[in-house]
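Working notes, beginning with the structure itself.
Chain letters run A, B, ... following the sequence lines, proteins first and then strands; every chain starts at 1.
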There are 8 protein chains.
Amino acid sequence: MQHWTVYLSGEIHSDWRQQLEAGIEKYKLPITFTSAVTHHENSDAAGDSLGKEDNQFWRDHKSAKVNAIRTKTLLESCDIAVVRFGDKYKQWNAAFDAGFLAALGTPYITLHDENIIHPLKEVDGAAMAWAQSPDQVVEILKYVTSK
Amino acid sequence: MQHWTVYLSGEIHSDWRQQLEAGIEKYKLPITFTSAVTHHENSDAAGDSLGKEDNQFWRDHKSAKVNAIRTKTLLESCDIAVVRFGDKYKQWNAAFDAGFLAALGTPYITLHDENIIHPLKEVDGAAMAWAQSPDQVVEILKYVTSK
Amino acid sequence: MQHWTVYLSGEIHSDWRQQLEAGIEKYKLPITFTSAVTHHENSDAAGDSLGKEDNQFWRDHKSAKVNAIRTKTLLESCDIAVVRFGDKYKQWNAAFDAGFLAALGTPYITLHDENIIHPLKEVDGAAMAWAQSPDQVVEILKYVTSK
Amino acid sequence: MQHWTVYLSGEIHSDWRQQLEAGIEKYKLPITFTSAVTHHENSDAAGDSLGKEDNQFWRDHKSAKVNAIRTKTLLESCDIAVVRFGDKYKQWNAAFDAGFLAALGTPYITLHDENIIHPLKEVDGAAMAWAQSPDQVVEILKYVTSK
Amino acid sequence: MQHWTVYLSGEIHSDWRQQLEAGIEKYKLPITFTSAVTHHENSDAAGDSLGKEDNQFWRDHKSAKVNAIRTKTLLESCDIAVVRFGDKYKQWNAAFDAGFLAALGTPYITLHDENIIHPLKEVDGAAMAWAQSPDQVVEILKYVTSK
Amino acid sequence: MQHWTVYLSGEIHSDWRQQLEAGIEKYKLPITFTSAVTHHENSDAAGDSLGKEDNQFWRDHKSAKVNAIRTKTLLESCDIAVVRFGDKYKQWNAAFDAGFLAALGTPYITLHDENIIHPLKEVDGAAMAWAQSPDQVVEILKYVTSK
Amino acid sequence: MQHWTVYLSGEIHSDWRQQLEAGIEKYKLPITFTSAVTHHENSDAAGDSLGKEDNQFWRDHKSAKVNAIRTKTLLESCDIAVVRFGDKYKQWNAAFDAGFLAALGTPYITLHDENIIHPLKEVDGAAMAWAQSPDQVVEILKYVTSK
Amino acid sequence: MQHWTVYLSGEIHSDWRQQLEAGIEKYKLPITFTSAVTHHENSDAAGDSLGKEDNQFWRDHKSAKVNAIRTKTLLESCDIAVVRFGDKYKQWNAAFDAGFLAALGTPYITLHDENIIHPLKEVDGAAMAWAQSPDQVVEILKYVTSK
């Protein structure tokens, strides 16, 4: 294991991904991050090129499946994942990813504030670590991937 | 396949489970339902018999893991699942179960109202059917398990 | 192995299933047959109870997925399968089932006339036997499941 | 995931493969295409070097198996597949590949005209996307494999 | 899941197995316990019927493998396991069983005193619960297997 | 584990199977034996009902595959196997079964005389026990399946 | 798939391996061959460095297991295998390898003369091709690995 | 297989790892060693950056899980492992690793003195070789990874 692939799942409206990127650059960690497409509008429109849909359910359905071509493959090929829960939106896709990883036996770290411990107890129960800040995640990744 | 095991995941504060039970009884379907422990207080206290914890995170953690002994086993052994999203709470455990089932390749049906189509698009994208009422779920189960 | 489950895939417009049933009854073979729902109109309408669709693609899509809840589970749990190709229709679902079984490593027998040997060569190439009549299938099942 | 392997299955008598190649070259996508041997006569004769057969079934059988050494390995190692159905021939091998991919859980995209939606409903039901032109496939692959 | 199989691993010189048996009998839990052969001398002599060995390593080797025919099969088929560490002997076989279960993804409960928390931290880290008395294990099993 | 399935592979020209049957009957062991069809002529003719072949290779091929429908299923579903090597014939099918079991991780016991230890060293190397008489096999099975 | 790994199993007393090497060099095929250690005396002595054994069974056992560290890993990681049966020795290890590959679903080609078709029928029944000369194997590999 | 990854598990208070490194350097073997973090204090403190714990069990728990992110991944991706038991401490983590490897089917070599043969009989029973000195391990690795 000379190089690790770490999948970043969840919140797309804050800069936690950038903070992690900065952290691994700072320490020159042997890590490549992978992720869903994080541009919100593009992601919602992922299936539009296959033909427009009048019905909202089918538009979402087509886009969700096109996105899943990418995310399923990346989830299955990562070594570790970080699953981030912010304070907005339902974020069921992040919990879905956590369940997917748990079933595969892939270790993941959750990243969230203390005030949502209780609703996340099942997600945290299957996690290998709970971090409250991107810095803590960087510390863990630095330790885990050290020579 | 003479008999089917169907896992019921999600909302514990409405009577959808009872409606499904009534439905399969009415049609005498060859189905056994399985489920997490659905008594809210008991579920939160599942780990208390192993010693009290001062720290909320660890109390939740112990209980989540005791619950997972049951749910992981039942999720892995069911033939089909129904995952219900209601209009209260975060319900990340239901989305977690859906992701777990998706990774195992176990077919699941979602049950939720039209107003949460968009935040559930990834969960619905990996589902085999979306129902809006328990009656619809009963119809599908009746069809699927017919002789 | 006291009892065998044999999945019957393919053609629904001739009586080959009935001939196989008669054959195992005649010899009292320890076999249970499983199958997709073989009533053509019901199968096409499998998803209609979840709400009507204007668009033909989505109507078919919903029904195909509801049918797959049943067929995927039965394909994964059978010990042996018989895949029948008749002389009408495209029958891509039968070839799809054969590929599914091949990937699972489940042995299957093809049942078809001599005049379609060439287009079926990949499907036959992964099969354990090629039969030209239901009687031959019964003979093979009788031999395979003998005490 | 820096590079993706995409298996191209189905029709060998039109230039859809070339159009896809042109598309990924144009956008410099990080994709390698794999495929069965697409030279029709060579493919039919794949087993001839092992000795001639008088019987057509066995000639086809030998060739089908030699081809499967290649296709099975490539199907199992691809990240994504595109399965193309044209308007000629039985094309059961394409449906067989789709079933094989479905059982492996490998995401695939179907490529076919609107007029064969109904007979392909099971194949489309397990697909992640349905495209009607090579250009649409290129768009999806571009999106899915973007940085 | 109407009935659960629980494998009991570890210490054979105290009566913890009997206490668990009494517990499930008291509450009429739907549980069957499985176990290695727990008669110490018989276990050490398990391979002797295949011919005596002069060399202690090979005598142990033969017996260990005969025992593994049983334990490997039971470990692979249990739903839950309890792994007990007492205060005597090396007990590497109990830790070996725990690692085996962890790799299979089978949930296990450890049962040991507080004074060996530190050397058991990896074994506890992969466990779903840590109990300090057989009574606590019975409580957990009662909860987990409840209707 | 209340009942064990034990597959008997190899030699069909001596009465070792009968001796094992007598042994488990004597001790009333909770064991069911499974096996290939052991009638030599029937086994060689297993594919004949599908049409006669002039070419010996294809006749053998058809029969081998029909037999494999049975043996592959039974090998995959047994808990333990006994693989017997006698002093006649090539017996490559027995060694093939042993390799198949080794890859599945299913424990097997070899049964053969001392004079073929060297050529069987790879087969014995992956076995859980080597017995020289049916009585020894019965002893091992009695021990392994004891309450 | 730019490069293929092909495991060569069986006979070590003729030059078939060298002929295959020459063939792939001639055509510059994208293939790497892997193999057990083929030096007979070294292979028999593989475990001797761990201490001498008086008993022939245990000497063979130790060596067989040391060899299996290599062969098991190479068998599991190859894309294709060639299994060669010559006219000397028992060659049970070659049949064992074939069974191992069959269980893994790895395609293999057998290489043997016509006079041993019958005893090899099970081994050939699970093979993807039967070749009678190294040249034929080279032809097949050339075809299978072509661009 | 041009290069092998060998995981080193167990004892961290003697220089056996350094001796193995020296050995593979001497013979220029195509091997990369992987390992848990072997600095004792750092390993015990692996989870401290996520927040201090008053309770010893939870401090150990957090650190054990952070360490497992690394070790689980490395155990699952190694080709071979060496598991070392010294004469100090409980070393349950080494036995746990051995059980984990056994369940995965990954070959491992044990390294320990003769005086602990009996308590290690289950661990040795599932091993491919038992060595008493680092030099012996180097010899085995040299043989196994030879061209």
Measure the CD-CG distance between E:Glu122 and H:Asn93 for me, rounded to the nearest 0.5 Å. 4.5 Å

Most contact-rich option vs chain H, by heavy-atom pairs under 4.5 angstrom, among E:Ala127, E:Ala98, E:Ser63, E:Ala94, is E:Ala98

Under 4.5 Å from any heavy atom of chain E, what part of H:Ala68 do you find: side chain, backbone, both or neither? neither

If you count every heavy atom of other residues, nucleotides or ligands that lies below 6.0 Å from H:Glu25 atom CD, does the total exceed 12? no

If we ignore hydrogens and angles and just use 3.5 Å, is the side chain of H:Trp92 paired with the main-chain N or O of E:Lys90 as donor and acceptor? yes

What part of H:Ala126 lies closer than 4.5 angstrom to a heavy atom of chain E: side chain, backbone, both or neither? side chain

Hey, which of H:Thr71, H:Asp97, H:Ile116, H:Leu75 has the most heavy atom pairs under 4.5 Å with chain E? H:Ile116

By salt bridge (charged side-chain N to carboxylate O under 4.0 Å, His left out) - contacts of H:Arg59 (at least two apart): H:Asp48

Quick check: are there more than 12 heavy atoms from other residues, nucleotides or ligands sitting under 6.0 Å from CG of H:Asp54? no

Atom group of H:Gln91 that falls short of 4.5 Å from chain E, counting heavy atoms: both

When the 4.5 angstrom heavy-atom criterion is applied to H:Asp124 and chain E, the contacting part is both

Could you pull out the closest heavy-atom pair between E:Ala64 and H:Lys121, with the gap in Å? CB-O, 3.3 Å

What part of H:His118 is in contact with chain E, defined as an atom under 4.5 angstrom from a non-hydrogen atom: side chain, backbone, both or neither? both

Separation between CZ (E:Phe100) and CG (H:Leu104), nearest 0.5 Å, reads 9.0 Å

